[in-house]
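Heavy-atom basis, side chains included; hydrogens, waters and symmetry copies ignored. Predicted, not measured: the structure shown is a model, and the values here were computed from it.
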Amino acid sequence: MAVVIGGVIIIWLGLSMGAAGCRWLGVELHYPARLAAPALLALLETVLFLLFVPGTELLPQSWGWPMAGGLVAAAWLINGSVCALDWHRNRPVKEESVS
């Protein structure tokens, strides 16, 4: 359970600290970069989870890869949701044509 909670904390900290760091530095990402940033973070988290979770001593040997796969799925689900919500809130609205 500690591995799952730690993995979710890493996912949320990555998102929160990335956004806070950009605000602190005064950096405002343009629309495509705001959509790509969570996907790139999910890619980084995927690499980290696949490298470090299967070999941890906190899990039984047979649980390493399934747990890593679950954390990778959670990373893509959470970061993908953030990306999709940002897209939905800020998508360009098509104007209706007047006939």
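Under the side chain to side chain contact (heavy atoms under 4.5 Å, CB included) criterion, Tyr31 pairs with Arg34, Leu35, Trp87, Asn90, Arg91, Pro92, not counting sequence neighbours.
The hydrophobic cluster containing Met17 does not contain Leu25, counting ILVMFWY residues as joined when their side-chain heavy atoms lie under 4.5 angstrom apart, directly or transitively. Neither Leu40 nor Val47 shares a network with the other; the hydrophobic side chains, linked directly or stepwise wherever heavy atoms of I, L, V, M, F, W or Y lie under 4.5 Å apart, form separate groups for each. Following chains of ILVMFWY side-chain contacts shorter than 4.5 Å, one can reach Val8 starting from Met67, so the two form part of one hydrophobic cluster. Both Leu43 and Ile10 are assigned to one and the same hydrophobic cluster, defined by single-linkage of ILVMFWY side chains at heavy-atom distances under 4.5 Å. The hydrophobic cluster containing Trp12 does not contain Trp24, counting ILVMFWY residues as joined when their side-chain heavy atoms lie under 4.5 angstrom apart, directly or transitively.
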Donor-acceptor contacts under 3.5 Å from residues 57-64 side chains, at least two apart:
none

With a cut-off of 3.5 Å and sequence neighbours excluded, list every side-chain donor-acceptor pair involving residues 76-83.
unit_1	atom_1	unit_2	atom_2	d
Trp76	NE1	Thr46	OG1	2.8
Asn79	ND2	Glu45	OE1	2.8
Asn79	ND2	Ala75	O	3.0
Ser81	OG	Leu77	O	2.7

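Using a 4.5 Å heavy-atom cutoff, the side chains of Trp65 and Leu50 are in contact.
Note: Leu71 CG to Leu48 CG = 11.5 Å, rounded to the nearest 0.5 Å.
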